[in-house]
Amino acid sequence: MHECPHCKHNTITSFRKLCASALTPAQCPRCGGLSYLQLIQALRAITTWVVLTWIFIGAALYQRMAIYLIGTIPALFFAVDKCMLSAPLVAISLSE
C-alpha cells in the first residue's frame, strides 16, 4: 500500500498507483482525494529497463550464452519498483 498525498494514510494499492495518470487518477478509499503518478516516472522506468536489457543482450552476445537474456524480466520489475513505485503521488486539488 502507498501513501495518499491528501490524508497521509497507506490506502492506495500498487496496481492502482501504477495505473494512475492525470486522466485516470487514483482515488483514496479513505478520504476520496485524487492523485496520480507523473509521466516522467514511467519514462524513467522504461529507459532504465531498456538500458538494462541492452546490457543483458551485450553480455549474452559476449559470453555466447542466451541464459543472460532471462535477466531482462527481473530488470523490468527492478525498473518499475525503483522508478514508479517508490515515486510519490501528485495530489490533484479540486479547488483550482
Side-chain angles (χ1 to χ4, degrees):
M1 299 297 262
H2 301 278
E3 184 179 279
C4 170
H6 297 281
C7 66
K8 307 296 183 207
H9 285 86
N10 292 330
T11 56
I12 299 174
T13 64
S14 295
F15 179 74
R16 188 64 195 124
K17 183 176 181 177
L18 290 175
C19 294
S21 69
L23 296 174
T24 59
Q27 185 172 18
C28 176
R30 187 169 193 267
C31 70
L34 299 175
S35 57
Y36 66 96
L37 195 60
Q38 292 179 328
L39 180 63
I40 192 71
Q41 305 303 333
L43 295 175
R44 286 182 184 161
I46 290 171
T47 303
T48 303
W49 182 50
V50 167
V51 168
L52 289 173
T53 296
W54 278 105
I55 290 172
F56 282 114
I57 290 172
L61 290 173
Y62 181 75
Q63 295 289 328
R64 297 178 192 241
M65 296 175 65
I67 193 74
Y68 286 106
L69 298 178
I70 294 174
T72 61
I73 296 167
L76 172 64
F77 291 112
F78 172 79
V80 167
D81 182 49
K82 293 300 178 190
C83 298
M84 293 178 74
L85 289 178
S86 63
L89 286 164
V90 177
I92 296 176
S93 176
L94 297 177
S95 63
E96 294 177 0

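Numbers here are sequence positions counted from 1.
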Of the non-hydrogen atoms in [X] and [Y], which two are nearest, and what is the gap between them?
X     : Y     : result
Ser35 : Pro5  : CB-CG, 3.5 Å
Cys83 : Gln41 : O-OE1, 3.0 Å
Cys4  : Cys28 : SG-CB, 3.6 Å

Can you hop from [X] to [Y] via hydrophobic side chains spaced under 4.5 Å?
X     : Y     : result
Leu69 : Val50 : yes
Tyr36 : Leu34 : yes
Trp54 : Leu61 : yes
Ile12 : Met84 : yes
Val80 : Trp49 : yes

* Asked: Linking Ile, Leu, Val, Met, Phe, Trp and Tyr through side-chain heavy atoms less than 4.5 Å apart, which residues share a cluster with Phe77?
  ->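 Listed partners: Ile73.
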* To do: Would you mind listing every side chain to side chain donor-acceptor pair (under 3.5 Å) that reaches into residues 60-85, with sequence neighbours excluded?
  =>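 Pairs touching residues 60-85 that pass the test: none.
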* Interatomic spacing from CG in Leu37 to CG in Leu85 - rounded to 0.5 Å ->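 Taking CG in Leu37 and CG in Leu85, the distance rounds to 8.0 Å.
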* To do: Mind checking the CG-CD1 spacing from Leu52 to Ile57? Nearest 0.5 Å is all I need.
  =>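 Reported to 0.5 Å precision, the distance equals 11.0 Å.
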* side chain to side chain contact (heavy atoms under 4.5 Å, CB included) with Asn10: which residues, sequence neighbours excluded? ->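 Partners of Asn10 under the side chain to side chain contact (heavy atoms under 4.5 Å, CB included) test: Met1, Glu3.
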* His2: which of Arg16, Lys17, His9 passes side-chain contact (heavy atoms from CB on, under 4.5 Å) ->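 By the side-chain contact (heavy atoms from CB on, under 4.5 Å) criterion, His2 pairs with just one of Arg16, Lys17, His9: Lys17.
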